[in-house]
Colleague: 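I am attaching a structure below and will ask some questions about it afterwards.
Chain A is the first sequence line, chain B the second, and so forth, proteins listed ahead of strands; every chain is numbered from 1.
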Amino acid sequence: MNAQEKLNTTEVVRGSLKRRYAREKRFRLFGLAAITASLTFLAVLLITITVRGLPAFKQTFIQLEVTLDSKTLGVGENPDINELRKANYNGAIKKSLTALFPDVKKRKDKKALYKLVSKGGQYDLQKRVMADPSLIGETLKVWLPVGDDTNSYIQGNIDSSLPEKKRRFKDNQIQWVDQLTEDKQIQRRFNSTFFERGDSREPEMAGIKGSLFGSMLTLMVTLLLSFPVAVATAIYLEEFAPKNRWTDIIEVNINNLAAVPSIVFGLLGLAIFINFFSLPRSAPIVGGLVLSLMTLPTIIISARAALKSVPPSIRDAALGVGASKLQVVFHHVLPLAMPGILTGTIIGMAQALGETAPLLMIGMVAFIVDVPTSLTDPATVLPVQIYQWADLPEKGFVEKTSAAIMVLLAFLIVMNAVAVYLRRKFERKW
Amino acid sequence: MLLLIIFVLTSIAYVVGRSRAATLRKNGEQLHSLPRYYGYLTAIYTAVPALLLLAIWSASEPTFLKQSTVKTLPAEVQSLPQGQLDLVLNDIKNIATGGITQTADDPLREASAKHYNDRKNTSQLLKSIVVLVASILGALYGLRKIGIHTRARVFVERAMMTVLIACSCIAIFTTVGIVLSVLFESLRFFNKVPFTEFAFGLHWSPQTSIRADQVGSSGSFGAVPIFAGTLLISAIAMLVAVPFGLMSAIYLAEYASSNVRAWAKPLLEILAGIPTVVYGFFAALTVAPLVRDIFEGVGFEDVASESALAAGLVMGIMIIPFVSSLSDDVITAVPQAMRDGSLGLGATKSETIKRVVIPAALPGIVGAILLAVSRAIGETMIVVMAAGLAANLTINPLEAVTTVTVQIVTLLTGDQAFDSPKTLVAFALGLMLFITTLILNVIALVVVRKYREQYE
Amino acid sequence: MNEEVNPLPSLEQDQTSEQTIEEIVASLGDTVGQPRVEDPKMSVSNVDVFYGDKQAIFGVDLDIANNEVVSMIGPSGCGKSTLLRCLNRMNDTIPICRVSGELTLDGEDIYSKDTDPVLLRARVGMVFQKPNPFPKSIYENVAYGPRLHGLNRNKADLDDIVVNSLKKAGIYNEVKNRLDESGTSLSGGQQQRLCIARTIACSPEVILMDEPCSALDPIATAKIEELIDELRENYAIAIVTHSMQQAARVSQRTAYFHLGKLVEVGDTDTIFTNPRHELTENYITGRFG
Amino acid sequence: MSKIGLTIAGMLFCTTVAAQSTRDQISIVGSSTVYPFATVVAERFGQTTQYKTPKIESTGSGGGMKLFCNGIGVQHPDITNSSRSIKKGEFESCKANGVTDIIEVLIGFDGITLANSVDSEQLEMSRKDIFLALAKRVPDPNGGDELIDNPYEDWADVNPDLPEIKIEVIGPPPTSGTRDAFVELAMEGGCKAIESIAAIEKTDKDSFKEICHTVREDGAFIEAGENDNLIVQKLEANPDALGIFGFSFLEQNSDLVQPSYIDGFEPTFESISDGTYPVSRPLYFYVKKAHIGVIPGIAEYLLEFTSEGSWGEEGYLADKGMIPLDEETRLSSAESIANFETMTLE
């Protein structure tokens, strides 16, 4: 190769450098853009949901002076518990509202006036009276939750400058509420109802306690069933299984199950647990069974990875001093792999917590007010609750849905964070 | 309670067994295994038969109780059909457990309830006794077994292995369960509707008669539009997920500093951890209107509010981390020597990545993408909430299409009559879904495994 | 990451005393022999290399001339590979690596801002310890560099370059009928020669070889050594090797490194027959290393 | 060996759970249209009685019927909601499974409305207009009884009194009960107003149905999903479009959308309730008589549902958008329900 040729090479390369570096820069920017876009989307999603959901954590209350005379309530003297339960508390509330605004005479206007207070207000009264029947005959100053529309007006979601026809909150209602606000009879407080009650058809009375408990019961079943089985399976496959067709089939099976659509597990649950074994519908135990079958492969795979990462030298060392294979596994390998297995389990549980589709198939899309306490009580779970709320016509449920999503995401993020933390803390380079 | 006692007994058995073996050993006996194993052995003998008995008893107890209680009821009640009898029993049980009932004042039922309670108590007592005796007998037997001739460790280990093997069979059972649960119903469906119509029919309209006289009450079950819709949405999702996921993975694996990586990776994984129902909500309420506004603003007409595009976009975003983390794995698995070789020849970093790293990682990436496709096809909540129900056969992403999973959900929770082909077709769709994803998964797994072997 | 780029070479490997490396290095004294040549192709002056806080190379001076093979020997972790990788800035890929001092190619500082690492690497090719053909066809492996740099005007040109490079690397006859087969299907020795062909195809001026034969059997090694000798006609070559015999066989000059310090440098014959530094003597007589 | 053991263990486990569950709570399944109403009643029922709040699953009318008809017993639901009356086949399958005594309760109506954004003109149309605008095949506008593919593009083409805006109707897909009811009530009603087609009915019922019930597929009718919230949003964005959805959604979104007059009537409580607004469908629920008195609370639930305070004109169900029956019917059916009169299928 002569000098001329060499010079050529240098020149050719130098000539193309600018173009190549531009390409390099572009490529790098693409990468950065891709990851930024993904993270931006995450941010947009979280922000949208937070902005939508945040108002739901506050609830507007209205102060009323309610006279609980037995005539309005429609109870006799010394009413028994059933009578108290059925009493007409709504009537008492209506009366006190009319007393506040005595000018309201027309039926239509009265109806609008009554709408200021939530339908759930009567149950608050009911609870108080049932706890203390001596309240009958007294006049109480109580704070009651306001109705859905009133709430969104006070939150500023209703534009009062629009023509009356175009808003759900009418002029006279606005006037009343403004007056009440001036009299300091309207207050915004932390919405404890949201965490203390089950589902309800009135957005201002709806809470997530029922679905949260449902989720917990379901997850408990899932954890109790899937964790031991998954660890046992992982140990068998990783440490003991002979390499033959049978174990190969098991292995392919597990990997495949991890990628089978979750709704197919729902079909399985419907056909086997509900139709064949006639377990009750909508029960956390069935949900737990289905979800544990679903999370099993996830945990098995991560448990196997964790076991595999324990170096053979440790096994050899233990075998070398005369431990049996089982002892090696249970004394040395398993403890070392435990953080990895736990990480996988947490991630599997997080997956199960957020899962909806299979539960639709086994009757967990249900309206359930009572908080479930046992594994066979009807229950729903948080994501299904979100799904249900998203479909309801009442406007107030939009923010409730977002708030429920926030709670769910908070759980998931905490779980994931714990998993990441565990992974970092116990990450070992052998 | 009983479980607790068994647990305590088992623990005691363990301790006794161990100490007994230890004594024997001290006395110079040549035991086969360590004392601890004799402890385990005794514990197994104590717990397993007792637990087995307990399980069988608990399972059969309700039946015995029921029969016994039924005998106390009047003859005409006894001759009721099974379902009604169950109801009566339910009522009696409610009375017995003090739950809310309506017939609490019925003396006959009260008596039956009392009988039920008595029997239940007796049964519980008997159960406790039998189980405890079994466990003690087991313990004694176990203790007697302690001696030179018993190879305790072998026994214990074999027991453990049995448990382990049993557990690993559950995966097989699950698959068998899935196949069985969808196969039979699907076969029944294909008896009614020929497979060729299902597989090649272009018209999907499963509304067999909401009323008997309705038109098209036979329904038409051509699944092509559904599968086309599924493919369309999945394709849109992949168009989003593959470039973004792959480029993110490349950036994280090749360019990002370890600090950025440490933050960006878990953040991306959050994207994967968000429940699909949340994506669905977001797609339906935020993305779909946005897509519609944008495209109508640009001058497109007839943009469906439930366009395939909106569902596909959001699904794609959901899958980004899935693609990126799998691709990240395979990219980092490409040996450094490959990169060195290319850099040493004067390639820029991007040239190295494009011409050496990616081609080398390609099989793994393809595997990752196939797995992502299978996930997109099986995704349910996003499409249920954001995609339509209309079975349009179209490739226009601005129209509404429907997917297999949406149809399964609507068919099993929909408004139409729940007879014959319609429920069954849901299972047939489930079967198709299972088979499709199975094939994709197996191919992907084989590809990925082959790829891994190449560099290990 | 594999051995040769290990960012933290185990410098303390054979240190039992509590002296710091710096102290030991200082005790080694100045380089013995003449590191400079007339009209050097590449020149290294007073170069220090750090991996994070750890110093791996201590003030090395060395020249590489055209048409000669310089071999670098020394015990593991002595910094010879590190120095070699500095010569075409492959160390840039290790974020914590820092280089000070002056390295020049044809008198231009290769670490200056104006020098482009891509161009530099095109001019200073490198062959690695383990053969690392790309998982592509043999043809594509060789054509990779020319394509990157746009050295060919057309397909015929490229064919020429590939064939010539393979011929120069002495492997053409073995592979001429299977240019479409994967580069990884070749035997280890063939792979390494393919890698050399790949390097030559970029028409570099200097070739760096990092223990090119350490993964090969003796027969393949012999072939490569023969090849190195032939390549000397056209290129300046620096080779890192573990095998003193190899150094003696292929190189004209030899540099002996110890703990990141260039201890002795000189004509290969002189070094092997008449080492002047005690450590060099210990090493080549096999008492240590 | 281990497989058999595992199977046995699984079965034991499942039967134990299944056998030990008792139920002291009403279980309701069925239509998603009735769901919002049934849940309100259930919630109130749970609050004001000593019974537990019933569990209500939204399974769709058909799904509900299937579960309901599966048999008598604790594991089967007590009540099913339906947005249509029970079908003969379903009734028979119920019978076959021992569910012989069924109480049918007609609770009210759900109006199906054709609405557009409040920003645009409120439309007045007849059912005939609806048919002509939406059917797949219509009589040739240039005369003759020949049916041709629907040529109309603007509402004004259909009826010169209507504004000149593009025909664009967003409605539910064929799998939906709302769609079915709309097709039967609005389109078939309009169909009959056309003499040439009405004549067909006498000779060939099937082809009559086919003509009347087939919706055009050229893009003028846009099939959306069943999420009515989305339809409302779409209407808001596109003032030209009309949407088909239930009256309760109209009520909740009266600030965004307005209903069209059909045959001269606007859908209101009154007009739907007295039947002058032509497009409304009945809502039912069905109760298993055998479960009354055994599963606690069913009778009281019926009582609550059929009390004036809930299904009456001033009741809370009306607040949620259900159209009450007329007073007479309410009274008479409340009485027959209180007597647990079972239905027969004539």
Colleague: Could you tell me which portion of C/Arg147 (side chain, backbone, both or neither) has an atom closer than 4.5 angstrom to a non-hydrogen atom of chain B?
Modeller: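 Interface part for C/Arg147: both.
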Colleague: Examine distances only and state if a side-chain atom of C/His149 and a backbone atom of B/Ala347 form a donor-acceptor pair shorter than 3.5 Å.
Modeller: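 Looks like no, no N/O pair under 3.5 Å.
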Colleague: Check B/Met338 against C/Pro135 and note the closest heavy-atom contact, atom names and distance.
Modeller: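 Residues B/Met338 and C/Pro135, closest heavy atoms: SD-CD, 3.6 Å.
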Colleague: For B/Ser342 and C/Tyr144, work out which heavy atoms get closest and say how close.
Modeller: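 Answer, listing the atom of B/Ser342 first, then C/Tyr144: OG-OH, 2.6 Å.
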Colleague: Take atom CZ in B/Phe244; do more than 12 heavy atoms of anything else shown fall under 6.0 Å from it?
Modeller: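 Not more than 12 within 6.0 Å, no.
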Colleague: Locate the shortest heavy-atom distance separating B/Arg355 from C/Lys136; write the atom from each residue and the value.
Modeller: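 Closest approach of B/Arg355 to C/Lys136, heavy atoms only: O-NZ, 2.8 Å.
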Colleague: Drop me the distance from C/Phe134's CZ to B/Arg339's CZ, to the nearest 0.5 angstrom.
Modeller: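 So the gap between those two atoms works out to 11.5 Å.
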Colleague: Which one of C/Thr199, C/Leu119, C/Asn132, C/Asp116 has the most heavy-atom pairs closer than 4.5 Å to chain B?
Modeller: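 That would be C/Asn132.
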Colleague: Can you find a heavy atom in the side chain of B/Asp340 that is under 4.5 Å from one in the side chain of C/Arg85?
Modeller: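 In short, these two side chains touch, coming nearer than 4.5 Å.
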Colleague: Distance from B/Thr348 atom OG1 to C/Leu148 atom CG, nearest 0.5 Å?
Modeller: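 That separation rounds to 7.5 Å.
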Colleague: Between CG of B/Leu343 and CE of C/Met126, what distance do you get to the nearest 0.5 Å?
Modeller: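 Atom-to-atom, B/Leu343:CG and C/Met126:CE are 11.0 Å apart.
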Colleague: Against chain B, label C/Arg198 side chain, backbone, both or neither, depending on which of its atoms sit under 4.5 Å from a heavy atom there.
Modeller: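 For C/Arg198, the contact with chain B is made by backbone and side chain together.
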Colleague: Side chain from CB out, backbone as N, CA, C, O: work out which of these in C/Pro133 comes under 4.5 Å of a heavy atom of chain B, or both, or neither.
Modeller: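 C/Pro133 touches chain B through backbone heavy atoms alone.
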Colleague: Examine whether an atom of C/Val124 lies under 4.5 Å from a heavy atom of chain B, and if so say whether it belongs to the side chain, the backbone or both; otherwise answer neither.
Modeller: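 The answer is the backbone of C/Val124.
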